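Down below is the structure, laid out as structure tokens.
Here the structure is a predicted model, which is why all the values come from computation and not from measurement.
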Amino acid sequence: MKKTQYTLLLALSVFAYVLTGCKSPAPAVPVSDQIKNAYVAQSVTEGGTTVYTAGGTSNTKPGYSQFRLNLASPPAVTYTAVDGTVFTGTYALVGDTQIVLSGLTSSAGPLTGGTTITFNITNLADGTVTLTRTTPDPKTGNTTNVYNLKKG
């Protein structure tokens with residue numbers, strides 16, 4: 001009798017383990033869906049020096065408070081630079097590690113240094129992204145910049 005109870009208890013335990021332990025993993029969300037947001041600057045590093053932190057009182061470049069990168073309506077992009085100039089164009093992902101903004105123009109004319117900006121995506125999490133510009137930015141003294149962005 002006792003052996004039957006143990007066998008039944010063991011069978012129920014194995015059954016419960018199988019039901020709770022055999023969940024299929026959640027499907028991976030593609031980078032194209034993860035990045036589809038409007039972003040504001042959380043912090044910005046120019047040439048290795050942090051020049052802006054959201055809410056900071058001693059920012060050397062407070063203009064980044066107006067920085068925007070709107071990727072919410074692919075392939076359209078709206079990019080508001082540190083000086084407040086608003087550019088529109090298109091964007092495309094290159095694999096899962098780069099984003100290319102192209103055809104960037106504003107009412108003031110094309111972007112300084114061309115009409116394309118390429119960023120490496122160095123971190124992408126829920127509602128945040130870290131982008132590293134692949135070429136120096138003429139608007140910031142030809143520094144290579146890192147943008148820590150959050151949904152905003």
Side-chain angles (χ1 to χ4, degrees), residues 13-152:
S13 297
V14 169
F15 181 70
Y17 175 77
V18 168
L19 286 179
T20 59
C22 291
K23 295 180 182 175
S24 59
V29 178
V31 170
S32 59
D33 289 340
Q34 290 181 56
I35 205 156
K36 195 182 340 177
N37 287 300
Y39 297 97
V40 297
Q42 180 68 26
S43 67
V44 179
T45 303
E46 292 181 357
T49 302
T50 300
V51 295
Y52 176 80
T53 301
T57 56
S58 60
N59 290 320
T60 57
K61 296 266 183 110
Y64 278 111
S65 64
Q66 60 193 350
F67 179 93
R68 303 281 182 275
L69 181 60
N70 189 337
L71 306 171
S73 301
V77 63
T78 304
Y79 173 76
T80 305
V82 63
D83 65 358
T85 305
V86 179
F87 296 92
T88 57
T90 59
Y91 78 92
L93 288 171
V94 178
D96 289 344
T97 60
Q98 269 192 344
I99 186 165
V100 179
L101 314 183
S102 59
L104 296 172
T105 60
S106 75
S107 60
L111 185 68
T112 304
T115 61
T116 301
I117 301 173
T118 302
F119 297 100
N120 288 326
I121 302 169
T122 54
N123 186 33
L124 181 60
D126 188 32
T128 64
V129 64
T130 301
L131 301 176
T132 303
R133 190 170 166 140
T134 61
T135 57
D137 186 347
K139 286 187 176 279
T140 63
N142 288 320
T143 57
T144 300
N145 304 334
V146 178
Y147 304 87
N148 294 302
L149 308 175
K150 66 177 182 175
K151 275 200 257 187

Expected output: side-chain Q34 to main-chain V29 donor-acceptor under 3.5 Å: yes
Side chains of T118 and R133 in contact at under 4.5 Å (non-hydrogen atoms): no
Over all atoms of both residues, closest heavy-atom pair of A41 and L149: CA-CD2, 3.7 Å
Residue D33 excluded, over 12 heavy atoms near CG under 6.0 Å: yes
A81 versus Q66, closest heavy-atom pair with distance: O-CG, 4.3 Å
Flag side-chain contact, heavy atom, 4.5 Å: T140 against V44: no
Approximate separation, where rounding is to 0.5 Å, of Y79 OH and N70 CG: 13.5 Å
Between CG on residue N145 and OG1 on residue T49, distance to nearest 0.5 Å: 10.5 Å
Contact summary for N142 and P138, nearest pair of heavy atoms: OD1-CA, 3.5 Å
Stepwise side chain to side chain contact (heavy atoms under 4.5 Å, CB included) test for V77 and L104: CA-CA 9 Å; V77 63; L104 296 172; 4.0 Å; yes
Residues T90 and S102: side-chain donor-acceptor under 3.5 angstrom: yes
Heavy-atom side-chain contact between T88 and T105 under 4.5 Å: yes
Which atom of Y64 lies closest to which atom of E46, heavy atoms considered: OH-OE2, 2.6 Å
Nearest-0.5 Å distance that lies between atom NZ in K151 and atom CG in D126: 5.5 Å
Y91 and L69, any side-chain heavy atoms less than 4.5 Å apart: no
Distance-only polar pair, side chains of N120 and T122, donor-acceptor under 3.5 Å: no
Minimum heavy-atom distance I99-I35, with the two atoms named: CD1-CD1, 4.2 Å
Interatomic distance, L124 atom CG to T97 atom OG1 [nearest 0.5 angstrom]: 11.5 Å
Centroid separation Y39 to Y147 less than 6.0 Å: no
Closest heavy-atom pair and its distance - K139, T85: NZ-OG1, 4.0 Å
Flag for N148-S43: side-chain donor and acceptor within less than 3.5 Å: yes
Check: Q98 side chain, L93 main-chain N or O, donor-acceptor pair, under 3.5 Å: no
Interatomic spacing from CZ in F87 to OG in S107 - rounded to 0.5 Å: 9.0 Å
